[in-house]
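Read the numbers this way: they start at 1 and go in the same order the structure lists the ligands and their atoms. The figures here come from the full heavy-atom set of this structure, side chains too, leaving out hydrogens, waters and symmetry mates. The shown structure was predicted, so the numbers you read here are calculated from the model rather than taken from an experiment.
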Amino acid sequence: MILSDRVHTFGQAMISRYGERVHKIAIDAGFTCPNRDGSKGRKGCTFCNNTSFSPNGRRPPSLPMQIKMGRQVIYRRTRARKYLAYFQAYTNTYANVKTLQALYDEALKIPDIIGIAVGTRPDCVPKAVLNLLSDYQQQGHEVWLELGLQSSFDNTLEAVNRGHTYADYITAMYHAHQRGLQVCTHLIVGLPGETKQHIQITLDRVLELGVAGLKLHPLHVVKGTQLANQWRHGNYTPWTQQQYVDTAADLIEMTPEHIFYHRVTATANKGSLLAPTWCQHKWRVLNNIEKELRLRNSSQGKTYYQAPDRLRKGK
Ligand code: SF4
């Protein structure tokens with residue numbers, strides 16, 4: 001059995017839309033983040049590795065080179081012939097709009113790059129940037145705005161030093177919807193002080209506002225983070241794999257079928273991951289999520305129809 005039999009995966013959605021595989025090529029375009037450079041804060045999120053922000057620590061290759069290298073790896077594995085340039089590292093809207101346009105244009109002029117996915121924070125999407133993304137979409141490119149919300153609870157966002165609020169997300173979504181943009185919202189499962197109920201409420205809120213895609217991510221404790229210190233001192237306990245799998249299955253069941261899951265788990269670099277160690281084995285976790293759904297005789301959307309009326313509006 002495969003996960004896409006039970007989950008509306010981004011991969012399957014792209015095959016339906018384009019008749020062939022479309023894969024994202026992850027790019028580090030050399031951005032920083034307002035939660036690091038002092039504009040919002042200097043410490044960054046407690047789970048974010050700060051060594052990568054050292055001035056000499058990061059010199060990414062040119063954008064065409066990154067695309068070439070990413071394409072080679074993905075092509076060998078999948079034979080895909082169409083790609084999205086995924087501006088993934090840090091805050092990829094954190095520059096003036098002319099700079100952003102030059103960067104996105106550089107990617108989009110490569111023939112097999114049919115679109116872009118832009119990862120950013122909810123407090124860093126000015127209208128001019130949304131207009132630019134909307135223009136690309138209207139030109140026929142596949143465009144995704146990937147918003148890192150992580151939690152809808154302001155006390156959690158404060159505890160992990162996100163430097164933005166849930167209200168910022170509501171505002172960003174309002175302006176993205178006005179422009180018909182596809183948004184993929186990122187959520188973290190297992191944030192300090194949160195239970196399964198918290199992430200379920202966060203998903204309810206995200207669904208109520210409307211979203212086209214979702215990413216689920218277990219919280220990783222990686223070296224060089226404030227979270228690593230909390231974990232060492234016993235002030236943070238990572239979730240077990242079973243807790244994560246059970247919760248991911250619940251969230252998938254709660255999600256209406258038309259929403260694409262871009263990701264239902266994530267792995268961390270083996271050299272930097274401290275805990276939980278099961279996060280090293282992405283495929284095992286994916287298989288276990290599929291198995292959990294199979295044991296429940298369930299799939300995406302199964303419990304959506306039991307959700308409060310407000311969640312069914314607009315369906
Ligand atoms: S996790 Fe993202 S938003 Fe937080 S400090 Fe790191 S780059 Fe910035």
Side-chain angles (χ1 to χ4, degrees), residues 24 26-60 66 86-95 99-100 103 117-126 129 144-173 176 183-194 199 202 206 214-231 236 238 262-263 265-269 271-275 279:
K24 294 182 192 174
I27 289 165
D28 180 348
F31 286 101
T32 178
C33 164
N35 202 19
R36 287 284 186 191
D37 71 358
S39 149
K40 280 282 170 129
R42 291 215 176 267
K43 290 185 177 167
C45 304
T46 60
F47 49 80
C48 182
N49 182 327
N50 56 28
T51 56
S52 52
F53 285 86
S54 65
N56 302 315
R58 195 163 140 252
R59 291 225 162 83
Q66 290 188 54
Y86 176 24
F87 293 88
Q88 181 182 34
Y90 313 107
T91 304
N92 294 275
T93 53
Y94 194 39
T99 305
L100 294 175
L103 187 67
V118 178
T120 189
R121 296 162 51 89
D123 60 349
C124 205
V125 278
V129 174
W144 284 88
L145 176 65
E146 302 217 9
L147 284 183
L149 170 62
Q150 321 310 0
S151 170
S152 66
F153 290 87
D154 283 341
N155 56 349
T156 302
L157 295 174
E158 200 178 329
V160 297
N161 200 36
R162 281 290 292 173
H164 68 74
T165 60
Y166 179 52
D168 291 324
Y169 176 78
I170 295 174
T171 303
M173 289 304 292
V183 177
C184 171
T185 296
H186 298 199
L187 303 177
I188 295 182
V189 176
L191 285 165
E194 291 213 342
I199 190 70
T202 289
V206 165
L214 289 166
K215 269 188 186 173
L216 302 181
H217 194 309
L219 183 61
H220 298 148
V221 182
V222 297
K223 292 176 186 169
T225 63
Q226 298 169 67
L227 185 66
N229 287 335
Q230 291 167 357
W231 170 72
Y236 173 69
H262 293 228
R263 180 187 282 174
T265 190
T267 191
N269 181 319
S272 65
L273 181 70
L274 295 171
C279 285

Near Tyr90 (heavy-atom distance under 4.0 Å), the atoms of ligand 1 are 7 (S)

May I ask you to list the atoms of ligand 1 that are less than 4.0 angstrom from any heavy atom of Gly44? 5 (S)

Salt bridge (charged side-chain N to carboxylate O under 4.0 Å, His left out) pairs touching residues 156-171, sequence neighbours excluded, are none

The residue among Asn35, Thr99, Thr32, Asp37 that forms side chain to side chain donor-acceptor pair (under 3.5 Å) with Tyr94 is Asp37

For Asn161, enumerate each residue passing the side-chain hydrogen bond (donor to acceptor under 3.5 Å, both in side chains) test, keeping only those at least two apart in sequence or located in another chain. none

Against heavy atoms of Arg121, which atoms of ligand 1 measure under 4.0 Å? 3 (S)

Is it true that Glu146 and Arg263 make a salt bridge, defined as a side-chain N closer than 4.0 Å to a carboxylate O? no

Whether Cys33 has an N, O or S atom under 2.8 Å from atom 8 (Fe) of ligand 1: yes

